[in-house]
Each structure stands twice: as C-alpha cells, then as structure tokens.
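These numbers come from a predicted model, not from an experiment. One-based numbering, in listed order, for ligands and for the atoms of each.
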Amino acid sequence: MHVLSHSDPEVAAIIADEEQRQVETLEMIASENYASAGVLEVTGSVFTNKYAEGYPGKRYYAGNQHSDRLETLAIERAKQLFGAEHANVQPTSGAEANMAAYLAFAQPGDTIMGLELSQGGHLTHGSPVNFSGRLYNFVAYSVDRESEVVDMEDVRRLAREHKPRIIVCGATAYPRTVDFPAFAEIAQETGALLMADMSHIAGLVAGGEHISPVPYADIVTTTTHKTLRGPRGALALCKEQHAEALDKAVFPGTQGGPHLHSIGAKAVAFGEALAPEFKHYARQVVENAAALADELMKGGLRLVSGGTDNHLLLADCNSKGISGLKAQNALQGAGIITNRNTIPYDERPPYVGSGLRIGTAALTSRQMATDEMRRVARWILRVLDDPDGDGVREGVRSEVAEFAKAYPVPGITDR
Ligand code: DSN
C-alpha cells in the first residue's frame, strides 16, 4: 500500500485494518480462502485497463495481442487441470457462469431441477427471488430426512415426472460427496442435460479429493476463489459439442468486456493448482474437516449427516440450544469467523437459521493441520456452550489472536 497510503490514506487504512483482521482471526467461512501473492499481483495489474470483448483471435477492440496470450494460457491451464474439452474463463462470478449455462441450454419457462436452497442448494439453482427461479420453471429435489444426504430416488422420481431440460447438481452447504455418476444416469434416462456446479469443491476435484464431474456432466461451472484458491471469478467447462453455445451465452449473451486482470489471476491460480503441492493441500483440507468434525461431535455438537466428506461441515446449533445466528455472532466475538445457514427441514427462518457452516480451506492455506483443528474445535465448543458469556468470548478471542498470528497468511504475510 506504499502508493495508496500517500494518495488515499483513508482507503489504505481500511485495507490495512482488513489485513490485520484476516491475520488475527480464524477464517472458517467455507467459501473463502486466501489467494496467493501472485494471484493478488495479477488482480491488481494493468490488465484492469484493457477492453477485449470477444475471444482470443476474435476481438472487437484493437491492442489485444497480450490479452489473447493471457486468456489462451488461462484456457489451456483450466483444460489441463480438469481434463476438460473446452473452457470459458470469462465468467465474472458463479452466478454469471450459471446464468450463461441456462441461457445456452434452456429457454425461459423450461423446467430445470436443482437442490432445494434451504437444504444446501444455491440461490442460482432456482430460488424464487433469483433470476433462475423467475425465468425458469425450477423443481427442487431434497435430502433424505433421516440420512440428510441427497435422496437420489427423489431425484429420479422428479426427473421422470417433470422431464427437465437440465438437472443441476452441486451445492453450497452440503458436506457429502456429490454422486455425479448417479446424476448422469438419471439425466441420461430422462433426456436431460446434466450441469454440475462444483464451486465449493473445485479445489478438491483439482487435487483428486472429490470425484470429478467433468466426465459425467454436459457442463460444469465453478467459482475460482473457494477451495480452488484463485481470484474472485468463475469458469465454465463443457464438452466440445457444447462449446459454441456456451461461449455465445457468456459473450455476448450475458457479459460484456472480460475482466482480463481476473482472467490472468485465474491462469496463475490454475498453475498453482497444477503443481504437486496442491494435491497435499487438498488432502489436508479434507483431513482437517474430518478432525474438526470429530472433535466437535465429541463435544456434543450435532453435525448434519453425521460428519463430512469434503471441506465443510454443517453444525446443527439446536444441539446446543441456540440458533445459527446466535452461534455465528458469538464466534465472531471470539475471533472465529463462520456463517449461519439453514439445515435440512429447518424450522427457523433463513435469516436466523439453525445451522452453522464451517470450512477448513482457508485455515489449511495457513499451514494448519489436524492438531490445530482439534484446538480450534475446542474453542468453538467453549463459545457455543456459553454464547452469552462475555468472559469466555473475550478469553477465547485473545487466545485465538495470539495463536493465529503464528501462522502465515498467503498474500499478506509473504508480501
Ligand atoms: N455465497 C457463496 C457461499 O458462501 O457459498 C455462494 O454464492
């Protein structure tokens, strides 16, 4: 911030405060991570200045010889990382990637199936307050009441009954493996296209810790900043036969000029994820989530579906007699940053929720391993067992701040 601290000290001070917050607290929001110094450098590069509507070799503006090199590099790395036939690296967010996928393969009013939002689905998978639910006829499938795992028989029954144009699989608050082969079988049987939104698990897929949707789905969308640890943005992958429809749906269908600074940062992140160390990272994320889950359950916190297969867990705060909102706020007071969520068949409204979503991707980027996760779990339990206790919260907060400072933060402490 050496330039900004002179030219705009007000903004520089806010950024400095945020850096300090990110160093001194434990970031456990399942969709967040720490981008590397390299990713941040490209995000702040001169490519932010350039317009490049179109695609490499076919732009609507001059001066794009280096933009073409950058975007082509990002495309090639994305294809290599996920073994995909075609990649579009222009979507600026997961919502826009999903919008482009629907635009490419469905007409307004067509039927699409997705996981119920309150059970772990995403806003863009058919919520009535989102463009998806307003433009398309979404039919929601559910998780089983007992196991709290996606009920594939429910998916099959609904797909046979409603004959959707697209079946969307993937979730935003779902701790279990997504059964892509089973979804593909149902899509094939009912004549639907299969779309996998792997936003949460993309880093695990890249690292070999979750089955890849790429061989099974017609189209795969993902954000690039969650477990994949890249810049804010998204990516869409598909089979070659769908490439033209997808590209047209991204530009000019839903977006204008591509964000080349983000596309360059995606190229860096894909390069990082192609390196052998990323496999260790992905493995550690999953091991950390399992250790955290084990210690929390030992302390009497019920977890939806009884545990986790991936990077996140969804705690049922009713088991501690409090709401998700109360748990989130108490933990924030103790320097542990999570987010409240609904749990399947929740009786509380979404703004309050009974659940707490907790992820391990960001702490694993700080080199924390299973011993640290068990320690963090014990802090979480101390706070949730006495959410109104100021002394407990303050005590945990100072222990957490002291502990957290000892661990490096990519993009902050290495710059
Ligand atoms: N809000 C993101 C998440 O936290 O999972 C998804 O859009």
Side-chain angles (χ1 to χ4, degrees), residues 22 25-35 91-102 114-134 138 140 143 150 168-178 195-205 210 213 220-236 254 262 266 269 285-286 289 304-305 308-315 324-325 327-329 331-332 336-344 346 350-365:
Q22 291 193 16
T25 57
L26 297 177
E27 184 49 73
M28 302 191 83
I29 291 176
S31 48
E32 295 187 12
N33 210 331
Y34 297 103
T92 50
S93 72
E96 278 174 303
N98 289 351
M99 183 182 265
Y102 302 147
L115 177 61
E116 168 67 40
L117 174 66
S118 62
Q119 302 191 3
H122 188 254
L123 269 178
T124 59
H125 298 178
S127 162
V129 297
N130 181 260
F131 80 90
S132 54
R134 294 181 64 177
F138 262 87
V143 301
V150 169
V168 182
C169 57
T172 190
Y174 186 67
R176 294 301 183 180
T177 301
V178 182
M195 170 177 154
D197 180 344
M198 63 167 182
S199 291
H200 264 266
I201 54 168
L204 306 185
V205 170
H210 191 294
V220 177
T221 59
T222 179
T223 49
T224 45
H225 49 271
K226 297 186 172 89
T227 49
L228 195 51
R229 215 164 59 183
R232 207 87 202 172
L235 164 74
T254 50
S262 287
K266 288 174 201 175
V285 168
V286 172
V304 166
S305 81
T308 177
D309 298 327
N310 58 25
H311 64 300
L312 71 82
L313 27 119
L314 190 57
L325 178 60
Q328 173 199 294
N329 291 344
L331 286 170
Q332 174 171 260
I336 299 173
I337 311 302
T338 60
N339 73 281
R340 67 186 181 279
N341 218 96
T342 50
I343 57 171
D346 208 329
Y351 188 77
V352 179
S354 298
L356 191 70
R357 194 181 64 159
I358 313 175
T360 54
L363 293 191
T364 309
S365 294

task: Could you walk me through whether His200 and Ser31 pass the side-chain hydrogen bond (donor to acceptor under 3.5 Å, both in side chains) test, one step at a time?
output: CA-CA 6 Å; His200 264 266; Ser31 48; 4.8 Å; no
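- Ranking protein heavy atoms by distance to atom 6 (C) of ligand 1, first place goes to His122 NE2, 3.3 Å.
- When heavy-atom distances to ligand 1 are checked against a 4.0 Å cut-off, Glu32 has no atom that comes that close, whether in backbone or side chain.
- A side-chain donor-acceptor contact under 3.5 Å links Asn33 to the backbone of Lys226.
- Between Lys226 and ligand 1, no pair of N/O atoms sits closer than 3.5 Å.
- Figure legend: Arg340 and Tyr351 shown as a cation-pi pair, the cationic atom lying under 6.0 angstrom from the six-membered ring centre and within 45 degrees of its axis.
- Near Ser31, meaning under 4.0 Å from any of its heavy atoms, are these atoms of ligand 1: 3 (C), 4 (O), 5 (O).
- Of all the atoms in ligand 1, the ones that sit under 4.0 Å from a non-hydrogen atom of His200 are 3 (C), 5 (O).
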Stepwise side chain to side chain contact (heavy atoms under 4.5 Å, CB included) test for Leu117 and His125: CA-CA 7 Å; Leu117 174 66; His125 298 178; over 6 Å; no
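- Every atom of ligand 1 is numbered from 1 in the order shown, and the set under 4.0 Å from a heavy atom of Thr172 is 3 (C), 5 (O), 6 (C).
- Using cut-offs of 30° and 60° on the angle between ring planes, the pair Tyr102 and Phe131 is tilted.
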